[in-house]
Amino acid sequence: MRYSKVFGKTSKTEGSDYKIDSHRLLTQAGFIRESTAGRYYLLPLGQKVHEKITDIVRRHMDKYGAQEVSMPVLHPIELWQETNRTSTTGFELMKITDRREAEFALGGTAEEMAVDLVRKFNISYKNLPFNIYQFSMKFRDELRARGGLLRVREFIMKDAYSFSTKEQFEKIYEDMSRAYSDIFSEVGLETEKVRADNGYIGGEYCHEFICQSEAGESRYFVSKSGEAAHEDVAEVHAELKNTDDKEEDIKEVKAERGKTMEDGVKLHDLPLWLQIKDVLYFDESTKKYVLAVIRGDYDVNETKLMHLAEAWDLRAATDKEIKDDLNSEPGFISPVDFPRKSKSGKKVVVIADKSLRTIKNAYGGANKKHRDLMNINIDRDYKPDIEGDIALAVAGEGTVEKRGIEVGNIFQLGYHYTDLMKGAEYTDENGKKQKYYMGCYGIGIGRTMAAVVEKYHDDKGIIWPENIAPFKVYLAVLGTDKEVCEQAEKFYGELQKTGVEVLFDDRDVRPGEKFADADLIGLPYRVVISEKSLKSGGVEFKKRTSKETEILSQEGLIARLKNK
RNA sequence: CGGGGAUUGGCGCAGUUGGCUAGCGCGCGCGCUUUGGGAGCGCGAGGUCGCCGGUUCGAGUCCGGCAUCCCCGACCA
């Protein structure tokens with residue numbers, strides 16, 4: 001392709017709004033252009049990369065017997081109602097209504113569609129297992145789009161759905177896990193398989209494929225043994241503090257302090273870990289209050305809390321609710337004598353983190369303004385309704401905290417959807433109807449592209465790994481000398497004939513501009529034809545990653561690139 | 001959803017206490033010169049200053065509302 005004809009230009013000036021390298025570079029180099037927040041145009045160069053990633057994903061999916069299909073983007077809302085996902089949050093579902101007032105969800109994921117498709121067929125156990133996948137636009141009304149292609153509101157996702165017996169499932173899950181590792185390493189990313197939370201997708205366990213990057217949003221922890229767990233699920237084992245101490249009598253004291261934990265530490269001159277932290281939530285899905293109680297030096301992990309409290313739509317309780325409905329005081333909440341029913345009749349659940357078992361004679365609020373309790377002890381002074389691990393993990397003792405970009409995930413769904421959706425059954429060898437056991441597997445293509453740029457770039461531009469570079473070779477002709485140009489044209493033709501993907505910079509611009517663009521666009525190889533190179537006997541060859549250039553004959557270069 | 005910042009040619013920005021025809025750099029077009037790390041000179045095109053309303057003789061500038069975009073937070077009581 002001739003660069004003079006490529007739609008989408010590089011830009012010398014970089015925008016001021018780009019905080020993330022991949023966002024800036026992809027924009028500056030003419031791969032993407034923003035439409036509105038979180039919605040992007042893919043320009044021809046970007047589209048090429050996108051397609052190459054797509055091809056790699058497709059090849060690996062097919063290798064494990066998955067079959068490509070296409071599903072409608074508009075999902076009948078009834079399907080989402082069948083699985084109750086119109087009411088649960090997670091991502092905001094986008095909806096659209098047609099002229100007959102029929103409601104549709106704009107697909108953000110397609111479990112219901114896949115199940116609905118499958119249940120239209122009468123399937124025998126002999127046909128199991130099968131795994132269907134698609135590449136399609138996904139719509140998510142994200143609270144906040146961020147970082148260019150890293151978090152968007154519309155994106156192409158490869159989503160796969162496996163249908164099998166329970167016994168067959170493990171192998172499919174393993175196959176997909178292997179496929180994913182292979183896919184990501186082929187595009188140039190090292191990923192870690194991280195145990196994660198199933199969230200709104202449902203099911204019991206799942207893994208995210210995360211590639212380490214400071215630009216990423218996922219925090220996870222890797223233990224000494226190499227086990228990786230997302231912060232949402234990473235277990236916390238709090239060390240014992242002062243459990244050998246003798247239990248002292250509980251007493252209420254005056255506490256003229258502010259509302260923060262630090263205020264408490266300062267006032268009583270006691271360690272943070274001895275203070276009790278109380279966080280009050282209200283759950284909109286079950287209309288109950290949830291009081292999370294935890295050791296002062298830990299934070300509450302809302303995801304863990306959600307599961308333990310069976311509360312799917314938690315929000316912070318308001319000061320008004322704390323005061324008027326629960327008779328307590330913001331900043332001075334205490335699990336001691338905390339009501340189990342609010343004035344307005346709502347249920348209250350008190351959930352204690354197991355870290356509270358590691359301390360004795362704790363201190364904290366007294367449900368009254370400027371009053372604190374000293375020597376609070378679990379069991380004796382308060383009894384939680386539920387006890388468990390609701391702590392946000394922190395790095396320490398053998399675990400390392402990492403941050404990265406989640407480029408793919410695999411979910412065990414089990415019977416979650418086939419239980420909720422009628423008729424999602426096959427016939428077993430005894431002629432009986434059985435529910436499918438399911439899994440689903442997703443990869444964000446655009447995000448993968450951005451993750452690659454995050455990893456492969458320098459101060460001059462992108463450095464595409466060969467497997468997904470939009471072209472292999474950047475061929476530049478320098479000057480306007482007639483003979484040189486003719487040679488370049490001829491050589492461009494030769495390269496094309498050999499099947500080398502080449503971007504021919506045939507513009508009449510100065511060398512500096514061509515070199516700068518070559519670096520910015522980041523193709524793996526740069527080839528220059530100029531008076532100088534011809535005098536030295538051929539063409540100049542340089543890798544994007546190297547500073548050195550070498551002179552090769554035209555034939556020599558073609559031989560060198562032939563298998564690229 | 002809360003807080004902060006922003007919105008002026010394609011991009012990056014300037015525009016003072018309200019005042020004349022809204023500027024600059026890059027980019028774009030034409031011409032000449034130039035051609036190994038984003039060239040020089042000349043000519044030129046391109047803007048209802050985000051939108052709506054208000055104040056005023058006069059608004060890019062002041063006031064009110066809305067929209068869009070960016071950043072931080074969305075829980076530590």
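Chain identifiers are assigned alphabetically (A, B, ...) following the order of the sequence lines, protein sequences preceding nucleic acid strands; residue numbering begins at 1 within each chain.
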Note: contacts of residues 351-375 of chain A with RNA chain B (heavy atom, under 4.0 Å) are none

message: Using a 4.0 Å cut-off on heavy atoms, which residues in residues 532-550 of chain A reach RNA chain B? List them by number, or say none.
response: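 Heavy-atom contacts with RNA chain B come from A/Lys532, A/Ser533, A/Glu540.
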
*Is the ring centre of A/Tyr18 less than 6.0 Å from the ring centre of A/His23?*
yes

Output field: ring centroids A/Tyr525/A/Tyr474 closer than 6.0 Å:
no

Restricting to nitrogen or oxygen on both sides, can you table the protein-nucleotides 39-43 of chain B pairs closer than 3.5 Å?
residue : atom : partner  : partner atom : Å
B/A39   : OP2  : A/Arg510 : NE           : 3.2
B/A39   : O4'  : A/Arg510 : NE           : 3.4

Please write out the pairs of protein N or O atoms and N or O atoms of nucleotides 5-15 of chain B separated by less than 3.5 Å, giving the distance to one decimal.
residue : atom : partner : partner atom : Å
B/C11   : O2'  : A/Thr13 : OG1          : 3.3
B/C13   : OP2  : A/Ser16 : OG           : 3.1

With sequence neighbours left out, what residues match [X] under salt bridge (charged side-chain N to carboxylate O under 4.0 Å, His left out)?
X        : result
A/Asp381 : none
A/Lys254 : none
A/Lys347 : none
A/Glu302 : none

Distance between P atoms of B/C63 and B/G4 (Å, rounded):
16 Å

Quiz item: When all nucleic acid strands are considered with a 4.0 Å heavy-atom cut-off, which category describes A/Thr480: base, sugar-phosphate, or nothing?
Solution: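 Base contact.
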
What is the nucleic acid contact for A/Lys19, judged by heavy atoms within less than 4.0 Å: base, sugar-phosphate only, or nothing? sugar-phosphate

Query raised in the report: Tell me, which pairs form a ring-ring contact (aromatic ring centres under 6.0 Å, His included) where one or both residues lie in residues 334-361 of chain A, sequence neighbours left out?
Result: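 Sorted result for residues 334-361 of chain A: empty, none.
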
With sugar-phosphate taken as primed atoms, P, OP1 and OP2 and all else as base, the protein-contact string of nucleotides 72-77 of chain B at under 4.0 Å (heavy atoms; B, S, -) is BBBBBB

Without placing hydrogens or testing angles, list every side-chain donor-acceptor pair under 3.5 Å for residues 1-9 of chain A, not counting sequence neighbours.
residue : atom : partner  : partner atom : Å
A/Arg2  : NH1  : A/Glu489 : OE2          : 3.1
A/Arg2  : NH1  : A/Asp506 : OD2          : 3.3
A/Arg2  : NH2  : A/Glu489 : OE1          : 2.8
A/Ser4  : OG   : A/Asp506 : OD1          : 2.9
A/Ser4  : OG   : A/Asp506 : OD2          : 2.9

**OP:** Searching all strands shown, indicate the nucleotide that pairs with B/A45 (Watson-Crick or G-U wobble; both distances under 3.5 Å).
**Re:**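 Partner of B/A45: none found under 3.5 Å.
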
Side-chain atoms of residues 329-337 of chain A: list all donor-acceptor pairs with protein atoms under 3.5 Å, sequence neighbours left out, distances to 0.1 Å.
residue  : atom : partner  : partner atom : Å
A/Ser334 : OG   : A/Val336 : N            : 3.0
A/Ser334 : OG   : A/Gly365 : O            : 3.4

